[in-house]
Structure formats: structure tokens, C-alpha cells
Amino acid sequence: MKKFKKVLAGVAVAAALATSQAATINVGGVVWDPNSSFDFSGTTATITQTINAVTGELSGFGNITTLNNTLQNTFCPGCELTVQYSGFLPTVASAIPGVGGAGQVIQYTGGTLTLFVDNTPDTNGGTTLTFANTGDGLVWLSLAGHPDAGGITLTGTNFFPTSLAGAGLLDVIGGLAAANTNTNTKTAGADFTYSTTFTNFPNGNPLFATGSGTFNGASIAITVPEPESLALFGVALLGLVASRRRKSV
């Protein structure tokens with residue numbers, strides 16, 4: 001019994017040492033440090049947004065350019081992280097920002113946002129973004145608009161022709177990184193806060209625009225035993241079995 005206790009103690013120490021050395025999290029090829037002072041935040045330097053001319057629905061796509069203050073070649077080596085969103089509907093039917101609406105506030109309900117990790121990058125670092133190439137790969141994180149006390153998931157402000165701005169809350173509902181980001185630590189128990197700013201209007205009107213966005217949340221470090229720890233545990237068990245056999249003989 002004493003020998004068994006010693007083996008278990010040794011294995012526990014070895015496992016603790018091995019896991020303590022693994023500070024980063026790797027989910028689907030996306031790597032980040034949950035102990036970073038920037039955890040868990042990101043930026044998309046390029047978002048293309050469309051506003052439906054009839055319903056006023058917001059939709060768009062882009063790519064994640066920084067995560068926890070690291071660039072794509074660091075947080076997603078050999079891969080890319082892209083985003084698509086849709087389903088944000090104005091509370092006032094067909095509310096659409098327009099010329100002369102500086103300071104106008106439009107509130108939205110609903111909405112979903114999805115992050116995809118793609119191990120065959122094809123957006124060229126965000127220079128050739130399309131709806132197709134931002135929606136391929138695996139669903140890395142699936143999010144839904146989190147309603148505030150009034151049921152609002154996004155508040156947009158119209159400063160056209162200078163800019164359009166938006167801010168809201170999101171809940172984690174699925175994806176590879178769901179268990180690492182479903183923290184309920186933001187306003188009203190949401191998982192993420194986010195904001196967007198659009199300053200470029202290629203068609204001369206706010207129905208089509210490009211801009212940038214940021215998101216902020218928190219992450220959970222889910223510990224998975226390192227291969228070295230598992231191997232050490234297996235060797236220890238084999239040694240224990242051999243010792244017990246010799247004793248019984």
C-alpha cells in the first residue's frame with residue numbers, strides 16, 4: 001500500500017509539472033494564452049457590411065487579424081480565422097441609416113455571428129474577402145445576440161457620411177471553442193461585448209460599407225493531460241503491477 005501511494009504521488013507531481021508548462025490553449029489550430037492581460041480580445045481590421053434596403057437587416061463578413069494582441073501568423077499559424085454575421089433586425093420596421101441622419105440611433109434585435117477556422121487559408125490576409133471564403137472551414141465559435149433588459153442586442157449610431165458605429169452583446173452557443181469562452185462574465189451575463197465602426201462607403205450610401213470591429217470576453221483554460229504525463233502514468237502502473245506480481249509469487 002505504501003508503494004502504491006508513493007507511485008501515485010510521483011505521478012501527480014509529474015502531471016502537475018507537465019501541465020504547468022503548457023500555458024497556452026490550442027483549439028482547432030488557434031492558439032492563445034489565457035493568462036495574457038489582453039485575454040480574451042480580438043480585432044477584425046476588415047469587415048464588409050450590407051444593409052438590406054427593404055428590411056434593414058445587417059449582415060457582413062471579415063477576418064480576425066489580432067487575437068490577444070498577437071497577429072494571425074502567431075495565433076493561427078498555417079490557418080485563418082474568419083467571421084460572418086446576419087439576422088440583426090431593426091426594432092422599427094425597415095429602419096435604414098441615411099443622409100442627414102447624424103446622431104440617429106437605430107436599435108436591433110436577434111442576430112448571429114460565426115467564426116470559422118480554415119486550415120487552407122484563401123483570403124490572402126483579408127485582401128480578398130468574399131462571402132464564400134469567409135464561411136469555409138470548421139465552426140470555431142458560434143454566437144447569438146444577447147438581449148439587454150429591453151431586448152436589444154445591438155445599438156447602431158448613424159454619423160453618415162462620416163461613419164456608422166455599433167455596439168452590442170453576444171452569447172456563446174456552440175463551436176470548437178465554446179467550452180473555453182462560455183464565461184457569462186460581461187454585462188447582463190453575456191459572454192462578449194463587441195463594437196464596429198464603418199468609415200468607407202464605396203457606393204456613396206450606407207447600404208454597403210467597410211470598416212473594422214473589436215470583441216472582448218474571457219477564456220477558460222481547460223486542462224488536458226499532456227502525452228508525457230499519460231506515458232508517465234502508464235509506466236508507473238506497469239511498475240506497480242510487476243511489483244505486486246513478484247510479491248504474490
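Residue numbers count from 1 along this sequence. All values below come from the heavy atoms of this structure, side chains included, with hydrogens, waters and symmetry mates left out.
Counting only residues at least two apart or on different chains, no disulfide bond (SG atoms under 2.5 Å apart) pair has a member in residues 151-185. Residue pairs meeting the ring pair (Phe, Tyr, Trp, His ring centres under 6.0 Å) criterion with at least one member in residues 114-159, sequence neighbours excluded, are Trp32-Trp140. Annotation: disulfide bond (SG atoms under 2.5 Å apart) contacts involving residues 49-123, sequence neighbours excluded, comprise Cys76-Cys79. Residue pairs satisfying the disulfide bond (SG atoms under 2.5 Å apart) criterion with at least one member in residues 81-156, sequence neighbours excluded, are absent. The disulfide bond (SG atoms under 2.5 Å apart) analysis of residues 114-184, with sequence neighbours excluded, yields no pairs.
If you take OG1 on Thr70 and CG on Asp33, they are separated by 9.5 Å, rounding to the nearest 0.5 Å. The line from CG of Asn180 to CD1 of Ile220 is 7.0 Å long, rounded to the nearest 0.5 Å. Distance check: Asp171 CG to Leu143 CG gives 8.5 Å after rounding to the nearest 0.5 Å. Atoms OG1 and CG, from Thr123 and Leu81 in turn, are 10.5 Å apart once rounded to the nearest 0.5 Å. Atoms OG1 and CG, from Thr120 and Asp136 in turn, are 6.0 Å apart once rounded to the nearest 0.5 Å. Between the CD1 atom in Ile106 and the OG1 atom in Thr157 there is a gap of 9.0 Å [rounded to 0.5 Å].
Contact of the Thr82 side chain with the Leu115 side chain is not registered, since no non-hydrogen atoms from C-beta on lie closer than 4.5 Å. Within the 4.5 Å cutoff, the side chain of Leu169 has no heavy atoms near those of the Thr153 side chain. Two residues are said to be in side-chain contact when any heavy atoms from C-beta on lie closer than 4.5 Å; Thr65 and Thr46 fail this criterion. Contact annotation: the side chain of Pro147 never approaches that of Thr109 to less than 4.5 Å [non-hydrogen atoms, C-beta and beyond].
Residues passing the side chain to side chain contact (heavy atoms under 4.5 Å, CB included) test with Asp148, sequence neighbours excluded: Ile152. The side chain to side chain contact (heavy atoms under 4.5 Å, CB included) check on Thr181 picks up Phe40, Leu141, Val172, Phe192, with sequence neighbours excluded. Scored by the ring-ring contact (aromatic ring centres under 6.0 Å, His included) test, Phe75 finds no partners at all (sequence neighbours excluded). For Thr43, the side chain to side chain donor-acceptor pair (under 3.5 Å) criterion is met by Thr66, not counting sequence neighbours.
A side-chain donor-acceptor contact under 3.5 Å links Asn52 to the backbone of Thr55. In terms of modelled atom types and a separation under 3.5 Å, the side chain of Thr44 and the main chain of Asn63 share a donor-acceptor contact. Side-chain N or O atoms of Ser86 include none that pairs as donor or acceptor with a backbone N or O of Ser59 at under 3.5 Å. Counting only distance, with no hydrogens or angles, the side chain of Asn35 and the backbone of Ala23 share no donor-acceptor pair below 3.5 Å.
By the criterion of side-chain heavy atoms lying less than 4.5 angstrom apart, applied directly or through intervening Ile, Leu, Val, Met, Phe, Trp or Tyr residues, Leu67 is not grouped with Phe61; the two fall into different hydrophobic clusters. Tracing side-chain contacts under 4.5 Å through hydrophobic residues (I, L, V, M, F, W, Y), one reaches Leu154 starting from Phe160; they form part of the same cluster. Hydrophobic cluster membership differs between Leu58 and Leu129, with clusters built from Ile, Leu, Val, Met, Phe, Trp and Tyr side chains linked at under 4.5 angstrom. In the hydrophobic cluster analysis, where Ile, Leu, Val, Met, Phe, Trp and Tyr join through side-chain heavy atoms closer than 4.5 angstrom, Ile64 is grouped apart from Val139. Side-chain heavy atoms closer than 4.5 Å link hydrophobic residues (I, L, V, M, F, W, Y) into clusters, and following such links, possibly through other members, connects Ile47 to Val83.
Considering all non-hydrogen atoms of both residues, Pro34 and Asp39 come closest at O-OD2, 3.3 Å. For the residue pair Ile51 and Gly56, the shortest heavy atom distance occurs at CG2-O, 3.9 Å.
Side-chain atoms of Gln84 and Thr114 include no donor-acceptor pair closer than 3.5 Å. Tyr85 and Gln49 are linked by a side-chain donor-acceptor pair at a separation below 3.5 angstrom, with hydrogens and angles left out of the test. Defined by atom type and a distance below 3.5 Å, a donor-acceptor pair is missing between the side-chain atoms of Asp122 and Asn133.
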**OP:** Could you walk me through whether Leu138 and Leu176 pass side chain to side chain contact (heavy atoms under 4.5 Å, CB included), step by step?
**Re:** CA-CA 8 Å; Leu138 299 174; Leu176 297 175; 4.2 Å; yes
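Residue Leu71 shares its hydrophobic cluster (ILVMFWY side chains chained together at separations under 4.5 Å) with no other residue.
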Side-chain atoms of residues 88-104: list all donor-acceptor pairs with protein atoms under 3.5 Å, sequence neighbours left out, distances to 0.1 Å.
from, atom 1, to, atom 2, distance (Å)
Thr91, OG1, Gln107, O, 3.4
Ser94, OG, Val54, O, 2.6
Gln104, OE1, Asn158, ND2, 3.1

Result block: side-chain N/O donor-acceptor pairs under 3.5 angstrom for residues 203-218, not counting sequence neighbours:
from, atom 1, to, atom 2, distance (Å)
Asn205, OD1, Leu207, N, 2.9
Thr210, OG1, Asn200, ND2, 3.1
Thr214, OG1, Ser195, OG, 3.0

